[in-house]
Each structure stands twice: as C-alpha cells, then as structure tokens.
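Values below: every heavy atom of this structure, side chains too, minus hydrogens, waters and symmetry copies. Just so you know, residue 1 is the first one in the sequence shown, and it goes up from there.
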Amino acid sequence: MNILLAEDDLKLGKLVKYVLEKKGGYQVDWVENGEDALVYAESSIYDVLIVDWMMPRMDGIAVCKKLRSGNYGRAILLLTAKDALQEKIVGLDAGADDYLTKPFEMDELLARLRSLKRRNFAPIQSDVVTFRTFSLNRSSHQLFQNNEEIILSQREYQLLDLFLQNIGYVLTREVILDRIWGVGSDVSYKNVDVTVKMLRDKLEFEHEQPMIYSIRGVGYRFENEFSEKG
C-alpha cells in the first residue's frame with residue numbers, strides 16, 4: 001500500500017513514517033505542508049492520504065476540499081487534535097473518509113488504514129499498459145517491444161511506471177527522487193538524471209520522436225502520441 005503522509009510535526013512525522021514502513025510494510029512519502037501534499041497527491045498514485053489538519057501553507061481541510069473538488073477518489077484519513085463533534089463533522093464534510101484524534105496509538109492508525117484499504121477506493125488499474133510499440137506488465141515488472149523483452153532495472157521500471165501514470169505532466173526532479181528513492185534518501189538529483197538517461201536510451205533508440213522531454217531547471221515530461229491526456 002502506497003501512503004502519502006502530510007504532517008508538519010517532525011517528531012510525529014518521523015515516528016509515523018517509521019512505524020508504517022517497518023510494522024505495516026507500506027511505502028510512505030512524507031511532506032510537511034499542505035501545498036506539497038496537494039502536489040504529491042495530484043502527481044502520484046496513493047492508496048491513502050494521511051493529512052494533518054493544522055499545517056503551514058494550506059491546512060488539511062483546504063487540502064481535502066481542493067482534492068475533492070477535482071474529483072479525487074482516493075481515501076483520506078484526517079489527523080487532528082480537535083476532538084469536538086462539530087470539528088469532526090467539518091473534517092468529514094470537507095472530504096475526509098476517516099478521522100483520528102491526537103494523541104493516538106500506532107496500532108489504531110494501522111487498523112484504520114487496513115479498514116480504508118478494504119473499502120477499495122482505488123480504481124482498478126490495468127496490469128498491462130501499452131504505449132507506442134511497447135507494453136509494460138505491472139505484475140511481472142517486464143517491458144516488451146513487439147514481444148521482445150527489454151530488461152529494466154528496478155529504478156528504471158519505477159520511473160517508467162511513474163511517467164505512464166502522469167503522461168503529459170511535468171514531474172520535478174524532487175518529486176521523482178522522493179517517489180522512487182524515498183523522502184530523506186541520500187541520493188542526489190544526478191541519480192534522477194542518470195536513471196532518466198538510461199531509461200530514455202532503452203525507449204527511444206528506434207524512435208525519431210522522443211518520449212521523455214527535459215524541462216530545463218525543473219524536471220521531465222513523458223509524452224505518448226497515441227494516448228489522450230485527461
């Protein structure tokens with residue numbers, strides 16, 4: 001299960017991320033403000049968003065409202081120190097699917113996440129994605145071109161899958177690094193650039209029109225002329 005944690009309390013955020021990864025076995029991206037939470041939620045696919053109510057640069061309620069106004073369909077769990085009934089109603093009306101009051105036990109958080117996962121908010125995602133003359137099998141992590149396999153490293157597969165989930169949209173180096181290597185990793189943007197180059201070499205060697213476009217000073221955009229944006 002892929003989770004986005006939006007929590008500005010550094011001590012709590014570090015603890016929650018550790019527990020979710022080590023005890024829950026989940027993949028966790030962690031941001032510390034509402035604006036970053038919105039960017040990550042809109043540029044990557046998560047099973048559950050864990051959003052703190054009180055955050056800088058956009059609070060959790062505003063994040064929920066903004067996402068739901070754009071028909072965001074993933075599960076959202078709201079964290080807050082507010083325990084009054086009216087506050088809970090405000091959170092749920094803003095678009096949260098569940099509500100957890102601070103302080104909370106980590107076992108309860110894990111149970112809430114399991115419950116949200118069972119409700120299956122995520123749309124069914126095809127195991128095989130086709131683009132141009134390629135097909136990517138998400139179950140086996142294999143890439144084929146005209147039935148001939150092209151060997152990908154784990155990072156190359158993750159990068160290609162991320163691009164295919166966001167065709168036509170610019171992904172910053174920071175988003176790519178955090179999504180593939182993880183928040184707090186000690187790798188640099190050079191690792192991102194090298195992995196992009198290696199993937200580009202495997203995809204574009206027989207194609208005149210590129211698929212991966214460099215956006216100078218920002219990141220990369222993946223284009224597929226046979227796919228419609230939307």
Tell me, do [X] and [Y] make a side-chain contact under 4.5 Å, heavy atoms counted?
X	Y	value
Val51	Leu77	no
Phe131	Met211	yes
Leu203	Phe222	yes
Arg114	Leu110	yes
Ile89	Leu92	no
Met54	Thr80	no
Leu113	Ile3	yes
Glu7	Leu79	yes

Linking I/L/V/M/F/W/Y whenever any side-chain heavy atoms sit under 4.5 Å apart, do [X] and [Y] land together?
X	Y	value
Phe144	Val129	no
Val218	Val196	no
Val187	Leu171	yes
Val19	Val28	yes
Leu164	Met198	no

I'd like to know if the side chain of [X] reaches the main chain of [Y], judged simply by a donor and an acceptor atom lying under 3.5 Å from each other, with no hydrogens or angles considered.
X	Y	answer
Asn191	Ser188	yes
Ser214	Arg216	no
Asn166	Tyr169	no

Heavy atoms only: give me the nearest [X]-[Y] pair and the separation to one decimal.
X	Y	result
Ala41	Leu49	CB-CD1, 3.8 Å
Pro56	Asn33	O-CB, 3.3 Å
Thr130	Ser135	CG2-CB, 4.0 Å
Val63	Gly34	CG2-O, 3.6 Å
Glu174	Tyr189	CB-OH, 3.6 Å
Leu4	Ala37	CD2-O, 3.6 Å

Whether Phe163 and Tyr220 hold their rings parallel, tilted or perpendicular, with breakpoints at 30° and 60°: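 Correct class here is perpendicular.
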Please work out whether the ring planes of His141 and Tyr157 are parallel, tilted or perpendicular, with thresholds of 30° and 60°.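 Parallel, since the angle between the ring planes stays under 30°.
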Would you check, one step at a time, whether the test salt bridge (Lys or Arg N to Asp or Glu O under 4.0 Å) holds for Asp193 with Lys197? CA-CA 6 Å; Asp193 296 335; Lys197 182 182 183 304; over 6 Å; no
Pairs involving residues 51-60, ordered by first then second residue, that meet side chain to side chain donor-acceptor pair (under 3.5 Å) (sequence neighbours left out):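 Residue pairs passing side chain to side chain donor-acceptor pair (under 3.5 Å), neighbours aside: Glu35-Arg57, Asp52-Lys102.
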Please assess Leu136 against Val128 for the test side-chain contact (heavy atoms from CB on, under 4.5 Å), listing each intermediate value before the final yes or no. CA-CA 6 Å; Leu136 181 70; Val128 178; over 6 Å; no
Can you confirm whether more than 12 heavy atoms, excluding those of Lys66, are under 6.0 Å from its NZ atom?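 No, NZ of Lys66 has 12 or fewer neighbouring heavy atoms, counting only those of other groups under 6.0 Å.
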Tyr213 OH: over 12 foreign heavy atoms closer than 6.0 Å: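 Counting other residues, nucleotides and ligands, OH of Tyr213 exceeds 12 neighbours.
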For the [atom1] atom of [X] and the [atom2] atom of [Y], what is their distance to the nearest 0.5 Å?
X	Y	atom1	atom2	value
Leu38	Met58	CG	CE	5.0 Å
Asp8	Asp36	CG	CG	12.0 Å
Phe134	Leu160	CZ	CG	9.0 Å
Met1	Asp47	CE	CG	6.0 Å
Leu143	Leu152	CG	CG	5.0 Å

For Val16, all residues meeting side chain to side chain contact (heavy atoms under 4.5 Å, CB included), sequence neighbours excluded: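 Val16 satisfies side chain to side chain contact (heavy atoms under 4.5 Å, CB included) with Leu5, Leu12, Leu20, Phe104, Met106, Leu109 once adjacent residues are dropped.
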Non-neighbouring partners of Thr195 that pass side chain to side chain contact (heavy atoms under 4.5 Å, CB included), sequence neighbours left out: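 Thr195: side chain to side chain contact (heavy atoms under 4.5 Å, CB included) contacts with Arg155, Glu156, Leu159, Trp181.
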Answer yes or no: is there an ion pair linking Lys23 with Asp107, defined by an N-O contact shorter than 4.0 Å?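 Looking at Asp107 together with Lys23, the answer is yes, because their closest N to O distance falls below 4.0 Å.
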Assess whether a salt bridge exists between Asp97 and Arg68, defined as any Lys/Arg side-chain N lying under 4.0 Å from an Asp/Glu carboxylate O.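 Salt bridge flag = yes for Arg68 with Asp97.
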Between Tyr26 and Asn2, does the side-chain contact (heavy atoms from CB on, under 4.5 Å) criterion hold? Intermediate values first, please. CA-CA 6 Å; Tyr26 304 140; Asn2 295 326; over 6 Å; no
Tell me whether the guanidinium CZ or amine NZ of Arg74 lies under 6.0 angstrom from the six-membered ring centre of Tyr46 and within 45° of its axis.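 Not flagged: Arg74 not positioned over aromatic ring of Tyr46.
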With side-chain contact (heavy atoms from CB on, under 4.5 Å) as the criterion, how do Arg179 and Tyr40 come out once you've worked through the C-alpha distance, each side chain's angles and the decisive distance to 0.1 Å? CA-CA 9 Å; Arg179 189 69 181 85; Tyr40 273 64; 5.8 Å; no
Show your reasoning for whether side-chain contact (heavy atoms from CB on, under 4.5 Å) applies to Leu100 and Leu78. CA-CA 6 Å; Leu100 194 56; Leu78 189 66; over 6 Å; no
